[in-house]
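These notes are about the structure you will find just below.
Only a predicted model underlies this, so the values are computations on that prediction, with no experimental measurement involved. Throughout, a chain's letter reflects where its sequence line sits, starting with A, and its residues are numbered from 1. Hydrogens, waters and symmetry mates are skipped; everything else that's a heavy atom, side chains included, is used.
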Number of protein chains: 2
Amino acid sequence: MAPKATAATKPAPATDVTRLRMALARLGRRLRQEGTAIDDVTPSQVSAMASLDQLGAATLGELAAAERIQPPSMTRIVARLEEGGFVSRTVDQTDRRCVRVELTPAGSEFLTRSRTRRDAYLTDRVADLSPDEQALLADALPILEQLLGEER
Amino acid sequence: MAPKATAATKPAPATDVTRLRMALARLGRRLRQEGTAIDDVTPSQVSAMASLDQLGAATLGELAAAERIQPPSMTRIVARLEEGGFVSRTVDQTDRRCVRVELTPAGSEFLTRSRTRRDAYLTDRVADLSPDEQALLADALPILEQLLGEER
DNA sequence: CCTTGCTAATTATCCTGGCTAAGGAATGGC
DNA sequence: GCCATTCCTTAGCCAGGATAATTAGCAAGG
């Protein structure tokens, strides 16, 4: 939808967008920090595994695209994950240029544990809110998800 | 927080927290990507300038604390910013161990331009929402800020 | 004083995580 | 069979974190 810009839209004057942007950026950063350093698995690695969990299995290129990074970066990340036994890399037999990456059981299990752990911080924070605030947040959640758009 | 599950508390069962966490993490990441590489100034540098803008002026240590990074990292960031003419570093005359860092006019001006630019992505996204959704988002904003807590 | 101890910043070094550029292997069209 | 294309990897760059160790300045106490 083009900038319909019935500008009036007082809902989001520049200042609010700025505040929202800063709040989101900081929260994202905070969450990333909190989730970091679990068992020597880095945030990028966890993120890659999460994508893999969603995708089921994927070629290295697909995975890179999902993570919005370039293939070489993903090569490195996957290499480490493989070392750790969290994913398996197998050459696709129908097209031997491709590498199929899959979560191993260990990877899956790690991902689950990791999620719980990463939720903890936010859970605590949310618990400090009043019920009304929590309700408001719950209402806003779908919108936040919508902001992410259809891309992935 | 145990699943208290008294009616009211349905707002944030584990799944919602997970969804929220993922949405926030992704949005944060997306924003970071979008805001990147403006004029060769990196996200960390912009962020440091933003803190500086808020704080007015600060010692290097205060700045590092505000950005939640270690002093050595801030030393480097500030060094680059100084090279670029965005901040000035002066030794505090009352305590010559301290370095006072301040935004230069150029830094201020850059920050303003940068904000506008970095807002653009989010502004577009928000514009795609219905007025109701925008209103909801505006209501949720203070709560998101509260999630960040008193820390900074 | 001047020594002892603390604090602020810096320097040195390491690792991760992006990137691009360039190379190698497999595919597929012709 | 050759050529272009595609997918991955390797090599090398730079930023951004970190820690450990060093230097400079301050503040007391003997």
Point to revise | Any donor-acceptor N or O pair under 3.5 Å, side chains A:Ser47, B:Arg29 | key: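 A pair is found: one side chain offers a donor N or O, the other an acceptor, under 3.5 Å apart.
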Check your understanding: With distance as the sole criterion, is a donor-acceptor pair present between the side chains of A:Asp92 and A:Thr94 under 3.5 Å?
Key ->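 Yes - a donor-acceptor pair under 3.5 Å links their side chains.
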Point to revise | Base versus backbone protein contacts along nucleotides 7-14 of chain C [heavy-atom cut-off under 4.0 Å; B, S, -] | key: BSSBB---
Review point. Got B:Val99 and B:Val101 here, is their nearest side-chain heavy-atom distance under 4.5 Å?
Key: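 B:Val99 vs B:Val101: side chains touch.
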Point to revise | Note, B:Met49 side chain near B:Val41 side chain (heavy atom, < 4.5 Å) | key: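 Answer yes - side chains close enough.
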Check your understanding: If you pin A:Asp92 and A:Ser44 to their nearest nucleotides in DNA chain C, which one's is more 5'?
Key ->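 So the residue in question is A:Ser44.
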Review point. When you measure from the side chain of A:Thr75 to the backbone N and O of A:Pro71, does any donor-acceptor pair fall under 3.5 Å?
Key: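 Answer holds: yes.
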Exercise for review: Could you tell me whether B:Arg19 and B:Asp16 make a salt bridge, using a distance below 4.0 angstrom between a side-chain N and a carboxylate O?
Suggested key: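 A salt bridge is present here (some side-chain N lies under 4.0 Å from a carboxylate O).
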Review point. Is the shortest distance from a Lys or Arg side-chain nitrogen in B:Glu67 or A:Arg26 to a carboxylate oxygen in the other one below 4.0 Å?
Key: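 Not counted as a salt bridge, because no side-chain N and carboxylate O are separated by less than 4.0 Å.
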Review point. So does A:Arg80 get a side-chain nitrogen or oxygen closer than 4.0 Å to the phosphate oxygens (OP1/OP2) of C:dT16?
Key: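 Answer yes for this pair, as a side-chain N or O of A:Arg80 is under 4.0 Å from OP1 or OP2.
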Practice item. Report the residues that fulfil salt bridge (charged side-chain N to carboxylate O under 4.0 Å, His left out) with A:Arg76, sequence neighbours left out, ordered by chain and then residue number. Key: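 By the salt bridge (charged side-chain N to carboxylate O under 4.0 Å, His left out) rule, A:Arg76 matches no residue at all.
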Review point. To the nearest Å, how far apart are A:Ile77 CD1 and C:dC15 P?
Key: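 These atoms are roughly 17 Å apart.
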Check your understanding: Rounded to the nearest Å, what distance is computed from the CZ atom of residue A:Arg68 to the P atom of nucleotide C:dG17?
Key ->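 After rounding, the gap between these two atoms is 19 Å.
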Practice item. Go through DNA chain D in 5' to 3' direction and return only the first and the last nucleotide with some atom under 4.0 Å of chain B's heavy atoms. Key: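 Counting from the 5' end, contacts occupy D:dA15 to D:dC26.
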